[in-house]
Amino acid sequence: MSTVNPKTGYSRRTLVGLMEDKPGVLSHVSNLFRRRNYNIESLSVGHSETPGISRMTVVVNGDDAVVEQVIKQLYKLVNILKVSDIDDSSSVTRELALIKVYAPAAVRAEIKQLVDIFRANIIDVALESLTIEITGTEDKIDSLIAMLRPYGIKELARTGRVAMVRGSTTTGVTK
Amino acid sequence: MKLNGAQILWECLLHEGVDTIFGITGGTVLPLYHELVNYPIRSIVVRHEQAAAHAADGYARATGKVGVCLATSGPGATNLVTGIANAQMDSSSLVAITGQVASSVLGTDFFQEVDTTGITMPITKHNYLVTDINDLALAVKEAFHLARTGRPGAVLLDIAKDVQQTVIDFEYPAEINLPGYKPHMFGNARQIKQAAEMINQAEQPILVAGRGVIIAGAFAELLALVEKAQLPVVTTLLGKSDLPENHPLCLGMGGMHGEAFANLAMQNADLIIGVGSRFDDRLTSTAETFAPKARIIHIDIDPAEIGKRVRVDLPVVGDARNVLRELVSVVKPAEHTPWLNQIEAWRKDSHARDILHQECGELQPQFVVNQIWEATEGKAIMVSDVGQNQMWEAQYYHHLRPGGLITSGGLGTMGFGLPAAIGAAVGCPDEPVWVVAGDGGFQMTLQELATVVQERLPIKIAILNNGYLGMVRQWQELFYQSNYSGTPILGPDFAKLAEAYGIRGITISDSCEVRSAIEEAKTYDGPMLIDFRIEREQNVFPIVPVGQPIHNMIRRPIPQGAQG
Ligand SMILES: Cc1ncc(C[n+]2csc(CCOP(=O)(O)OP(=O)(O)O)c2C)c(N)n1
Ligand SMILES: [Mg+2]
């Protein structure tokens with residue numbers, strides 16, 4: 001589990017939800033977070049292993065009581081099939097980021113070195129800039145961004161967290 | 001069978017057992033109204049769509065069936081919004097049907113286009129935008145299923161105009177397809193046993209009964225449980241009539257304007273058993289100060305209500321009727337004599353302060369409501385509006401009819417009373433229906449007097465007329481240095497207004513005339529309005545000031561000559 005804020009008792013918690021792939025489902029979900037005043041750090045949605053079922057990963061800032069309410073409220077949405085609280089220690093989490101950094105010839109080698117250390121990739125090269133792709137935990141991405149910031153980040157796109165439980169257990173919907 | 005979308009809608013509604021709808025027509029529902037005349041469905045035309053939703057809501061609460069309202073796109077749909085939110089907040093079974101612009105022009109800001117499903121998303125249990133005729137029948141079937149099952153609520157169907165006009169080979173869908181919707185109907189057996197043990201051990205138990213008991217139809221089960229284990233019952237506003245209010249174990253309504261003895265009982269309880277109540281702030285005040293000595297059992301069909309406001313020691317998720325039935329069989333008979341004696345002592349002190357009798361002279365609203373109660377023997381369907389009038393109804397009308405009070409609890413919607421009474425009178429034509437409203441709220445939807453006349457509904461209307469937005473004036477008096485900003489209001493001569501609509505109307509300002517006026521209304525064959533000119537600055541007591549624990553009430557003053 002991520003660090004607990006001593007003032008609020010809140011930490012970053014990861015929820016995985018499966019939902020019917022129907023129009024309006026995502027608006028129902030985002031509407032719920034806004035209306036119930038939940039503190040959402042990221043929300044990412046895509047296809048799951050089953051056609052017609054989408055999978056979302058939500059990172060919510062809260063304590064046990066908040067997380068319990070979020071899960072229960074999500075379940076009340078008619079098109080939500082399953083919601084699981086994935087504890088960080090038993091799950092793998094990844095995020096992808098694209099970073100366009102200001103990179104004139106003079107600093108290019110330095111940046112290239114950083115990219116190697118972080119096992120990131122340079123996926124596009126231009127006269128004045130490099131576009132870097134990095135996959136990893138938020139912490140890893142945060143550190144690369146911190147390292148690149150002094151060079152001048154021109155553009156940044158992050159996907160938000162996706163997560164899966166380790167081992168052969170699944171969060172799938174049993175049918 | 002080849003049918004167009006409009007015909008399919010009505011066919012589906014017949015399958016759902018719908019016999020009445022409340023609505024107003026318009027451009028995008030013309031095809032629906034065009035076909036409606038061919039179906040055995042009573043169409044009640046109201047004068048404002050808000051009233052259509054409230055009437056359908058009132059109909060649903062009075063009958064236990066799903067209420068249906070209908071409106072055109074754009075302003076018709078936005079006018080429904082208050083009524084939809086109101087029904088959803090009080091878990092009333094409502095299906096709202098709106099027309100939408102044709103699917104080919106959707107999203108172009110077409111004439112009278114509004115994002116109805118977007119607007120109603122946070123105030124419905126679920127909603128559907130139907131843009132394909134092949135989806136229509138299933139959407140209707142699911143909408144009714146969602147509205148009436150589990151924790152009931154409001155469901156909206158937004159149907160594009162071209163869908164209403166497209167013809168297909170119609171087949172009624174055999175099954176719904178809602179894999180993510182599984183209401184918990186039966187409580188966990190282990191938790192029910194644990195609940196019984198906690199009840200058996202309790203010395204000062206209080207059962208808090210909410211609207212869930214009415215929705216589940218759990219009256220007999222509740223009565224059996226509380227009599228067997230001798231559990232005194234405090235109800236919420238919406239739970240009034242869960243138990244016959246002349247029953248010795250019924251302490252009436254608790255909370256912000258609850259009876260003092262009911263609040264004292266909750267605050268001193270060692271066990272609170274909540275049944276079909278969401279422990280809302282009007283009942284508990286600040287959650288942290290509520291029933292500080294009690295362990296709490298919370299029985300509710302909606303798992304999200306458990307732990308939402310108050311700490312819960314034992315949850316039981318399930319339908320109130322099923323859970324109570326199980327619970328009755330496992331609790332032990334009990335007496336709780338010292339506890340009941342203590343409560344009776346508190347009750348005596350409260351009763352000494354009641355305003356029940358009056359000499360001739362200035363009218364007291366409490367007396368008026370008490371007289372309506374006596375005259376109707378507690379058996380009428382009472383529909384109250386919002387404000388002081390609503391609280392006086394709740395305090396002085398002791399309901400015997402299960403579900404006999406229809407009122408806007410969660411949303412507190414002024415203007416709810418008259419249109420909801422229309423729905424109740426349509427749904428229960430053989431029962432007396434009374435409205436108790438303030439002069440302010442009544443003026444918010446009084447256009448529906450025309451509907452009352454058009455539909456020949458023998459509704460009796462009691463206006464507690466104080467010339468103020470009274471409840472707010474009371475707060476100004478108590479908490480804002482009597483600065484009556486924005487609360488004095490003028491009204492019309494309500495009796496004359498009623499007469500203009502073709503309704504018998506009279507004005508009463510002396511307490512000597514109250515009983516005969518009520519008796520006249522009771523026997524009068526048709527709708528009748530009584531404008532009760534009450535003492536203008538009467539207050540509702542007890543009142544728990546905001547933020548105070550519920551035992552810190554401002555009590556009723558003890559009347560002169562009374563002892564207590
Ligand atoms: C639609 C709406 N607007 C405003 C309010 C706020 N409000 C609550 S009670 C009240 C006063 C009601 O006055 P009236 O209908 O005359 O009833 P009284 O309290 O005088 O009995 C007001 C304005 C509300 N509940 N609903
Ligand atoms: Mg008033």
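Order of the sequence lines fixes the chain letters, A, B, ..., with proteins taken first and strands second; residue numbering starts at 1 for each chain.
- With chain B as the partner, the residue from A:Q69, A:R35, A:Q73 showing the most heavy-atom pairs under 4.5 Å is A:Q69.
- Atom CG of A:L127 has 12 or fewer heavy atoms from other residues, nucleotides or ligands within 6.0 Å.
- Remark: B:I306 CD1 to A:E68 CD distance equals 9.0 Å, nearest 0.5 Å.
- Residues of residues 119-135 of chain B lying under 4.5 angstrom from chain A, judged on non-hydrogen atoms, are B:M121, B:P122, B:K125, B:H126, B:N127 by number.
- No more than 12 heavy-atom neighbours from other residues, nucleotides or ligands sit within 6.0 angstrom of NZ on A:K112.
- The 12-atom threshold is not exceeded at CZ of B:R295, counting heavy atoms of other residues, nucleotides or ligands nearer than 6.0 Å.
- Rounding to the nearest 0.5 angstrom, the gap separating the CG atom in B:D302 from the NZ atom in A:K72 is 8.5 Å.
- Counting heavy atoms of neighbouring residues, nucleotides and ligands inside a 6.0 Å radius, atom CZ of A:R36 exceeds 12 of them.
- In B:H15, the NE2 atom is crowded: over 12 heavy atoms of neighbouring residues, nucleotides or ligands sit closer than 6.0 Å.
- Among the candidates B:K308, B:K182, B:R151, the residue making the largest number of heavy-atom pairs closer than 4.5 Å to chain A is B:K308.
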